[in-house]
2 protein chains.
Amino acid sequence: MIHQRECPVETLIHVLGGKWKPMILWQLIESNKRFNDLEKLIPDVSQKMLSQHLRDLEREGIVDRTIYPTIPPKVEYSLSEYGKTLIPVAEVMCAWGENHNKRKYKESAS
Amino acid sequence: MIHQRECPVETLIHVLGGKWKPMILWQLIESNKRFNDLEKLIPDVSQKMLSQHLRDLEREGIVDRTIYPTIPPKVEYSLSEYGKTLIPVAEVMCAWGENHNKRKYKESAS
DNA sequence: CAGCATCCACTAGGATACTG
DNA sequence: CAGTATCCTAGTGGATGCTG
């Protein structure tokens, strides 16, 4: 059942596969953030990519976007309830990636 | 510790992120395969990408490549011991992706 | 059989400038 | 503040032809 073609692994990679998406996810796990906050917390991201990735994550239902129609405008991004189901998955991925980085470090040092 | 910048999630996405890499992984979990077998089992992959992805996976230590210097040449690809550590990770990813696909199907049907 | 080389199309992402 | 619009580049992947 799992080893079918069109494997859903690709689905997850598509959802998290943008260059800054994992970083955005970690930030939003910690607490809700405004657009400007994310820009500061992820210094190298361009406005274009931040905006685009947030919209991707919103479309997938991972991220909620709350608009406060004040002046100046305030928009708050938060992890949706559904988005929280991604956390354990991301932690497993993270653990493997961390170990893999160590492994590559060791082999290059030997 | 996990929520650092330069998150290792990206490492894993890089390792599995090629278009056909998850599919190659599933095939090699099942049993060792020759180049030609993989071509038949993954009909839409081009030789170029199959070759390139296999070399990527080999460089990361996921896949072993065994050459039998016969005529005609025979090359067998297998999942390395280290590569097997990817299986549980891939299954978690797969489960989430499967659920996500269902979710998207339902919302488009409603 | 198991590939490599070449050329081409498409997309992801970056830089810069502008707006409600 | 929170974006959008435009232009540009580098990398991914596909198609085709050739080789030890």
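Naming: A, B, ... by sequence-line order, numbering from 1 per chain.
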**Asked** Base, sugar-phosphate, or nothing for A:Y68, non-hydrogen atoms under 4.0 angstrom?
**Response**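 Nothing, no nucleic acid heavy atom in range.
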d([atom1], [X]; [atom2], [N]) in whole Å:
{"X": "B:L38", "N": "C:dC1", "atom1": "CG", "atom2": "P", "answer": "14 Å"}
{"X": "B:F35", "N": "D:dG20", "atom1": "CZ", "atom2": "P", "answer": "17 Å"}
{"X": "B:K33", "N": "C:dA2", "atom1": "NZ", "atom2": "C1'", "answer": "17 Å"}
{"X": "A:L54", "N": "D:dA2", "atom1": "CG", "atom2": "C1'", "answer": "11 Å"}
{"X": "A:N32", "N": "D:dA2", "atom1": "CG", "atom2": "C1'", "answer": "17 Å"}
{"X": "A:L50", "N": "D:dT4", "atom1": "CG", "atom2": "P", "answer": "11 Å"}
{"X": "B:E39", "N": "C:dG3", "atom1": "CD", "atom2": "P", "answer": "10 Å"}
{"X": "B:E76", "N": "C:dG3", "atom1": "CD", "atom2": "C1'", "answer": "17 Å"}

**Message:** Show the nearest heavy-atom pair for residues A:Q27 and A:K33, with the distance to one decimal.
**Reply:**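 Between these two residues, the closest heavy atoms are O-NZ, 3.0 Å.
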**Prompt:** Nucleotide by nucleotide, 5' to 3', does protein get under 4.0 Å of the base (B), only the sugar-phosphate (S), or neither (-) in nucleotides 7-20 of chain C, counting heavy atoms?
**Reply:** B-----BBB-B--B
**Request:** Using the salt bridge (Lys or Arg N to Asp or Glu O under 4.0 Å) rule, take B:K104 and A:E60 through it: C-alpha gap first, then chi angles, then the decisive distance, then the call.
**Result:** CA-CA 8 Å; B:K104 282 171 79 171; A:E60 302 293 343; 3.3 Å; yes
Compare side-chain N and O positions of [X] against OP1 and OP2 of [N] and report whether any pair is under 4.0 Å apart.
{"X": "A:R34", "N": "D:dA2", "value": "yes"}
{"X": "A:Y77", "N": "D:dC1", "value": "no"}
{"X": "B:T70", "N": "C:dC1", "value": "no"}
{"X": "A:S51", "N": "D:dA2", "value": "no"}

**Request:** Calculate, to the nearest 0.5 Å, the distance between atoms NZ and NE2 belonging to B:K19 and B:H53 respectively.
**Result:**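 Here the rounded value is 9.5 Å.
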**Request:** Could you tell me whether the side chains of A:N101 and B:T11 share a donor-acceptor contact shorter than 3.5 Å?
**Result:**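 Their side chains do contain a donor-acceptor pair, which is all the 3.5 Å distance test asks for.
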**Message:** Less than 4.0 angstrom from a charged side-chain N to a carboxylate O is my criterion; do B:R34 and B:D37 meet it?
**Reply:**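 Not counted as a salt bridge, because no side-chain N and carboxylate O are separated by less than 4.0 Å.
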**Message:** Can you tell me which nucleotide in D:dG3, D:dA2, C:dC4 comes closest to the side chain of A:R65?
**Reply:**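 In terms of side-chain proximity for A:R65, the closest of D:dG3, D:dA2, C:dC4 is D:dG3.
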**Check against ring-ring contact (aromatic ring centres under 6.0 Å, His included), B:Y82 and A:H100** = CA-CA 10 Å; B:Y82 176 64; A:H100 191 64; 5.6 Å; yes
**Item:** Axial cation check for B:Y68 ring with B:K74, 6.0 Å and 45° limits
**Value:**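 Checked: cation-pi criterion met.
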